[in-house]
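Everything on this sheet refers to the single structure shown next.
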Amino acid sequence: MAAADSPSAALRRRDLCSRGIRLAGKMRADVVDLLDAYVEQQGLDASASVAAVEGVPLAAVERWDEQTGTQRLLENLAAYRAFRALLAQMLEEQREQLGEADAGLGRALAAVLLQVSAFTYHLEELLRLESRGIPGEEEDGPPAPPRLSLFEQKLRGLGVLRELAQWAVRSVRDLRQLAKPSPAPGAAPGLAESP
Amino acid sequence: DSHIQYERVGADVTMKCGSMDWDAAVTWTANGTDIDESHLNGSYLILKNVDLSQSGQYSCYEGSSWHLKYQTYLRVGTPPKEPVLMCRSNNYPKGFYCSWHLPTPTYIPNSFNISVIHGTKDMVCEKDAVPKNRCHIRLLQLFSTVKYKVTLTVTNALGKNFTTLTFDEFAIVKPDPPESVVAKPVPNNPRRLEVSWQNPSSWPDPESFPLKFFLRYRPLILDQWQHVELSDGTSHTITDAYAGKEYIIQVAAKDTDIGTWSDWSVAVHATPWTEEPKHLTTEAQITETTSASTSSFMAPPTTKICDKGAVVGSGAVAVCWTAGLVVAAYSALFI
């Protein structure tokens with residue numbers, strides 16, 4: 001933890017956090033626009049309730065304010081890695097479904113995927129700064145889910161984008177917590193480890 | 001013994017005198033006043049097409065002995081219309097509150113029951129002591145995409161009604177307006193006003209959940225507002241105020257990431273700094289009385305119409321608002 005407490009590390013953390021906040025903010029804005037386009041293009045009802053789909057990381061969290069900095073980083077990292085895979089899959093499905101017919105949506109999806117990848121890297125940087133081992137990614141990810149019907153694919157896409165939009169807001173909040181100056185060792189917020 | 005009877009407006013009401021026979025001789029009173037026999041059918045009291053004014057205490061006395069045989073309190077009212085419900089979080093992320101009212105009064109007592117469901121989970125909305133028609137609920141989860149469903153049922157003796165509200169966590173976030181808004185002139189700056197304010201005290205954690213602000217201002221004599229959006233900080237300097245004009249200023253707040261804008265704060269008034277008045281020339285005095293401005297001007301000694309730089313009678317165009325044309329006209333006369 002010595003590295004985390006040095007002034008230069010603290011500055012770097014603050015810097016990474018504020019850049020991360022801007023990244024997440026932009027990502028959220030783009031996801032919201034993408035959501036609107038997606039709903040329209042796929043002929044979905046914007047108010048449709050989508051049951052939690054397996055493999056989509058839920059942003060919902062209890063006792064959010066009690067999380068340690070490390071917990072926040074790890075949960076964010078796991079989520080965005082999952083979104084990276086899910087968005088790649090959605091892009092693939094898009095191309096299969098529509099070919100060239102819907103280049104706009106495909107481009108927007110690709111742009112968001114890029115931002116998710118960038119943010120994932122950003123999170124890894126923050127973890128590195130804390131001398132935290134970065135959890136390795138599973139070799140092939142979870143086993144490939146059974147092939148969904150076209151409609152099920154669309155609904156899942158909706159679920160993915162909605163959760164991603166929530167995560168983007170949560171990430172901004174998480175990074176703000178992280179950016180706070182570390183309190184006395186042993187306290188919960190910031191990057192102090194819980195006893 | 002006495003009891004309460006609830007009837008709908010417009011209903012026909014028949015009151016029996018307790019266990020007295022139909023053909024018994026009785027006297028009915030309404031709030032102590034005898035009721036005319038024309039309203040009686042035997043010993044029954046018939047009230048047709050009741051209205052609100054007929055609410056009151058009805059008593060039935062045995063004819064000769066004047067023993068009180070029956071007493072009831074008639075309350076005329078209506079079943080409830082669909083209630084109006086709203087939910088809002090002004091203390092995010094701690095929780096939210098829901099408040100309600102009836103669009104029209106029922107004139108009789110109503111009871112309210114509220115249920116809050118988050119997905120499949122029932123949540124408890126704790127009723128506030130004050131105000132009465134309000135309850136608050138703690139947010140146990142944050143960042144959930146699952147919607148909340150709030151159902152309010154209102155019941156009274158004549159019927160019931162309900163309404164349902166469905167929303168997600170982010171949509172109801174609306175802070176209270178900023179507090180302690182202060183606007184001050186800036187010394188030696190006739191076009192500036194310094195505005196400062198504080199986060200609403202109900203917002204629990206402005207450091208983790210920062211607010212952004214919207215400032216609006218206009219001179220009292222104009223209808224058009226100027227707007228400034230500020231992503232952080234709780235102060236702002238207006239630099240384009242019209243010299244010598246009284247301004248009205250308001251601020252609103254919003255969470256930086258989610259929800260909607262608060263209502264506007266209490267309005268504050270301020271006038272930019274003006275120089276100590278020089279001796280007013282004749283032209284300026286005439287201009288002051290003939291200009292179209294309103295009585296919102298402050299008393300003459302502290303008010304100047306024109307900027308420091310304008311000189312009446314020089315032929316130069318004065319940089320004044322509204323009075324400019326008149327001053328320029330007078331200037332032209334003196335060339």
Side-chain angles (χ1 to χ4, degrees), chain A residues 17-18 21-29 31-32 35 45-53 56-67 69 72 75-76 79 155-156 158-181 183 188-190, chain B residues 87 89 91-96 116-124 137-151 164-175 199 202-213 229-233 253-260:
Chain A
C17 285
S18 50
I21 287 168
R22 281 199 296 278
L23 242 176
K26 169 90 173 71
M27 185 165 53
R28 188 214 177 184
V31 172
V32 167
L35 249 175
D45 176 3
S47 62
S49 279
V50 181
V53 180
V56 179
L58 295 179
V61 56
E62 294 188 10
R63 297 196 158 90
W64 173 86
D65 52 332
E66 292 171 21
Q67 288 199 326
R72 294 179 197 279
E75 285 187 25
N76 270 267
L155 277 187
R156 192 180 60 162
L158 183 62
V160 168
L161 292 176
R162 276 195 188 147
E163 284 305 326
L164 180 55
Q166 300 293 100
W167 262 104
V169 176
R170 176 174 163 182
S171 301
V172 168
R173 313 285 198 193
D174 280 326
L175 290 175
R176 278 206 199 104
Q177 292 295 95
L178 279 162
K180 280 183 178 173
Chain B
C87 297
S89 174
N91 62 343
Y92 190 79
K94 282 216 171 117
F96 63 91
V116 181
I117 304 172
H118 185 212
T120 52
K121 196 172 169 193
D122 267 305
M123 299 180 79
V124 175
I137 198 161
R138 283 194 311 129
L139 276 170
L140 299 173
Q141 261 189 1
L142 291 184
F143 314 111
S144 173
T145 47
V146 175
K147 291 191 194 269
Y148 291 83
K149 184 169 159 177
V150 182
T151 303
T164 301
L165 213 59
T166 307
F167 53 83
D168 58 55
E169 178 190 316
F170 291 176
I172 57 164
V173 176
K174 178 180 169 178
N199 289 314
S202 51
W203 196 252
D205 190 0
E207 218 184 298
S208 309
F209 295 84
L211 295 170
K212 62 180 176 183
F213 302 97
E229 185 167 331
L230 303 152
S231 55
D232 59 12
K254 181 184 168 305
D255 176 272
T256 16
D257 306 304
I258 62 176
T260 57

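Residue numbers start from 1 in every chain, and the chains themselves are labelled A, B, ... in the order their sequence lines are given, proteins ahead of strands.
- Rounding to the nearest 0.5 Å places CD1 of B:I137 at 11.5 Å from OG of B:S89.
- Only the backbone of A:R63 comes within contact range of chain B, with at least one heavy atom under 4.5 Å from a heavy atom of that chain.
- Contacts between B:E207 and chain A at a heavy-atom distance below 4.5 Å involve backbone atoms as well as side-chain atoms.
- No other option in B:D168, B:T145, B:V146 has as many heavy-atom pairs under 4.5 Å with chain A as B:T145.
- Residue contact with chain A, scored on non-hydrogen atoms closer than 4.5 Å, involves the backbone of B:L140 exclusively.
- Looking at B:T166, neither its backbone nor its side chain comes within 4.5 Å of chain A, counting heavy atoms on both sides.
- In this structure, the portion of A:V172 lying under 4.5 Å from any heavy atom of chain B is its side chain and not its backbone.
- The existence of a salt bridge linking B:D257 and A:R176 is confirmed by a sub-4.0 Å separation between a basic side-chain nitrogen and an acidic carboxylate oxygen.
- Salt bridge B:D205/A:R173: absent, no basic N to carboxylate O contact under 4.0 Å.
- Classified by interplanar angle (parallel below 30°, tilted 30° to 60°, perpendicular above 60°), the ring pair B:F209/B:Y92 is perpendicular.
- Taking CG from B:N91 and CH2 from B:W203, the interatomic distance works out to 8.0 Å, rounded to the nearest 0.5 Å.
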